[in-house]
Amino acid sequence: MATPSPRVFRWGIISTGWMAGKFVDDLLIDPKTRDVRDVVHKVVAVASRDVKKADDFVKDHVSTVQKDDSDPKATAYGSYDELYADENIDVVYVGTPHTQHYPAALGAIRAGKNVLCEKPVTANSFELKSLIAEAKKHNVFFMEAMWTKFQPLVREVKKILDDEGELGVGRPVVLYADFSMNFRPHDLPLMHRLVDPKLGGGAMLDLGPYPLAWALMTILEHPANNLQPPSSIQSSVIKFAPTGVDQNTTITLTFSNPTSTWKSSSDTTGPKPFTATAILHSSLTIPDPTPGAVIRCERGTIEIHAPIPRSTGFTVKYYNGPGEGEAGKVKKEFTREFEYEGFGWHFQADEVARCVWGGKLESEQWGHEKSLVMMSVFDEVRRQCGYVFPEGVEHVVGDS
Ligand SMILES: NC(=O)C1=CN([C@@H]2O[C@H](COP(=O)(O)OP(=O)(O)OC[C@H]3O[C@@H](n4cnc5c(N)ncnc54)[C@H](OP(=O)(O)O)[C@@H]3O)[C@@H](O)[C@H]2O)C=CC1
Ligand SMILES: O=C1OC[C@@H](O)[C@H](O)[C@H]1O
């Protein structure tokens, strides 16, 4: 029997920066290389504030790959509004700096377009609530580009974490997760997006979404926690003196679900309240640690090899059980590695296509609620450390 041809999913790209280029490069990799047969992605429009940049982007990232005459040709626009009005687009990707996510996503949503918006999805939780309300009103799909969630490794780690059987490691007790990069901030111009508060600079909003995503994927989503948001958020921040953004940020989250009825195989006393802690760190001045995350559980530990946004390996270590020798010693371990073509931004694109075709307004895997938990944590940390955006940067500052 002939295999059905994949359906074409048509993207409009907002902005021509570094990330937009990387995303498009991944998007146009043949999906069969990652065993995806139902969708093929095409870029049909690119918009920049400067039409020359849009033209160059199409030449550099699109025309080199979409050569076939049957392909739709990508249109280059010199304004974002022109792209929002393009009838040939199934979804808009927003790759502007953090504080420009809100206006760009809002423009697309109000034009009736589905949206995939870079992380952090907005500058604060009020902006996010406003976008979610607009997306629902206009009946369009909206998702934060939390690409880590769609990595093949994450699915496997979660199986081991949520598994009550032989392979399982028991309930998570504490997660340590760190995503840091030495950007040498003192050498950057003060208007660079990584250090300029007008563009939402700082370690937490740029790098912090990843350690926090790991906390949400391993603890918030754990069956024993059942999506209860953290009951406590505590932070410690070192500022980048020249601009006042956060340079090193540590966040401790406590999750507790007193009504947990999930019973792991290691429980001998029946269902009991669930508690777990996440200790998360990001820095603009030091390189990534290895492993990038450690999930310590009742019966063992899962080490996530760095870098945690797109880890391609993990190691599971099991502790001695009762009567198996010295308590706490590792009795066995195994490592799994993952390989795929591209950097890994394309997995989330496949999810978007399937959700849109399925008529969904949000992804079941990374839905609005998870982005809201994330932005609420970031709001609270900024409140605790006194990171106040300059006047006018936040487009929404309270619940309407
Ligand atoms: N998922 C991931 O792995 C990564 C995600 N990101 C996210 O992507 C976003 C963009 O980051 P990155 O590509 O590094 O940034 P860049 O500065 O390289 O690109 C941002 C682009 O946004 C457009 N833009 C619109 N308004 C502004 C403005 N006021 N100031 C500057 N640029 C503006 C510009 O495009 P134009 O002139 O064409 O309109 C610019 O090229 C960030 O939110 C970041 O968090 C970044 C890196 C990795
Ligand atoms: O998401 C990201 O991951 C990689 C970093 O280089 C980048 O600054 C950040 O936005």
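None of the values given here were measured: they were computed from a predicted structure. Atoms within a ligand are numbered from 1 in the order they appear, just like the ligands themselves.
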task: Give the contacting part of Tyr77 toward ligand 1: side chain, backbone, both or neither, where contact means a heavy-atom distance below 4.0 Å.
output: neither
field: Any Asp206 heavy atom less than 4.0 Å to ligand 1
entry: yes
task: From the options Ile14, Asn114, Val140, Ile109, select the one residue that forms a side-chain contact (heavy atoms from CB on, under 4.5 Å) with Val92.
output: Ile14
query: Does Gln100, backbone or side chain, put an N or O under 3.5 Å from an N or O of ligand 1?
result: no
statement: For Ser48, the atoms of ligand 1 under 4.0 Å from one of its heavy atoms are 36 (P), 37 (O), 38 (O), 39 (O)
query: Do the charged groups of Arg7 and Asp38 touch, with an N to O distance under 4.0 Å?
result: no
- prompt: Considering Met181, Met19, Glu118, which one's heavy-atom position lies nearest to atom 4 (C) of ligand 2?
  reply: Met181
- request: For the pair Arg34 and Asp350, find out whether any cationic side-chain nitrogen is under 4.0 Å from an anionic carboxylate oxygen.
  value: yes
message: For ligand 1 and Ala145, I'd like to know whether there is a polar contact (N/O to N/O, distance under 3.5 Å).
response: no
task: For Tyr80, counting its heavy atoms only, list the atoms of ligand 1 lying under 4.0 Å from any of them.
output: 23 (C), 24 (N), 25 (C), 35 (O), 36 (P), 39 (O)
query: Considering only heavy atoms of Phe183, which atoms of ligand 2 have at least one such atom less than 4.0 Å away?
result: 6 (O), 8 (O)
query: For ligand 1, is there an atom lying under 4.0 Å from some heavy atom of Phe343?
result: no
field: Part of Ile14 within contact of ligand 1 (heavy atoms, under 4.0 Å)
entry: neither
message: I'd like to check which ligand 1 atoms, numbered from 1 as shown, lie under 4.0 Å from a non-hydrogen atom of Ser15.
response: 21 (C), 22 (O), 23 (C), 35 (O), 38 (O)
message: As a check for students: among Glu118, His101, Lys22, Lys53, identify the option with a heavy atom nearest to atom 5 (C) of ligand 1.
response: Glu118
query: Any idea which protein heavy atom is nearest atom 9 (C) of ligand 1, and the distance to it?
result: Thr96 O, 3.2 Å
field: Side chain Ser260, main chain Ala224, donor-acceptor under 3.5 Å
entry: yes
query: Mind checking whether Met19 and Trp147 sit in one hydrophobic cluster, side chains of I, L, V, M, F, W, Y counted as touching below 4.5 Å?
result: yes
Salt-bridge criterion met for Glu394 and Arg382 (N-O under 4.0 Å): yes
query: Are Phe23 and Tyr93 near enough that their ring centres are under 6.0 Å apart?
result: yes
- line: the protein heavy atom lying closest to atom 9 (C) of ligand 2 turns out to be Asp206 OD2, 3.3 Å
statement: atom 2 (C) of ligand 1: of Tyr210, Phe57, Trp18, the nearest heavy atom sits on Tyr210
- prompt: atom 14 (O) of ligand 1: which of Arg193, Met19, Lys198 has the nearest heavy atom?
  reply: Arg193
- request: Give the contacting part of Trp147 toward ligand 1: side chain, backbone, both or neither, where contact means a heavy-atom distance below 4.0 Å.
  value: side chain
task: Determine, for Asp206 against Lys119, whether the closest basic-nitrogen to carboxylate-oxygen distance falls under 4.0 angstrom.
output: yes
task: Please determine if Arg310 forms a cation-pi arrangement with Phe343, meaning its NZ or CZ atom is less than 6.0 Å from the six-membered ring centre and no more than 45° off the ring axis.
output: yes
task: Just let me know how Trp345 lines up against ligand 1, side chain, backbone, both or neither, with a heavy-atom cut-off below 4.0 Å.
output: side chain
field: Residues, nucleotides or ligands: over 12 heavy atoms within 6.0 Å of Lys22 NZ
entry: no
statement: Restricting to heavy atoms, the pick from Arg193, Lys22, Lys119, Arg310 nearest atom 2 (C) of ligand 2 would be Lys119
message: In this structure, does ligand 1 have an atom that sits under 4.0 Å from one of the heavy atoms of Pro309?
response: no
message: Quick test of your reading of the model: are Lys52 and Asp56 salt-bridged, counting only N-O distances below 4.0 Å?
response: yes
message: Taking 4.0 Å as the limit for heavy-atom contacts, which would you say applies to Arg49 with ligand 1: side chain only, backbone only, both, or neither?
response: both
- prompt: Which atom pair, heavy atoms only, marks the closest approach of Tyr80 to Ser15?
  reply: OH-CB, 3.7 Å
query: What is the ring orientation for Phe179 with Tyr210, classed by angle as parallel under 30°, tilted 30 to 60°, or perpendicular over 60°?
result: perpendicular
Ligand-residue contact atoms, ligand 2 with Tyr210, heavy atoms, under 4.0 Å: 1 (O), 2 (C), 3 (O)
- request: Report the member of Pro97, Ala54, Ser79 with the shortest heavy-atom distance to atom 22 (O) of ligand 1.
  value: Pro97
With Phe9, the side-chain contact (heavy atoms from CB on, under 4.5 Å) member among Val44, Val40, Val39: Val39
query: Going by the atom numbers of ligand 1, which of them fall below 4.0 Å from some non-hydrogen atom of Thr16?
result: 35 (O), 36 (P), 38 (O), 41 (O)
field: Rounded distance [0.5 Å steps], OG1 in Thr122 versus CG in Asp379
entry: 8.0 Å
query: Among Pro103, Gly344, Gly17, Gly95, whose heavy atom sits nearest atom 10 (C) of ligand 1?
result: Gly95
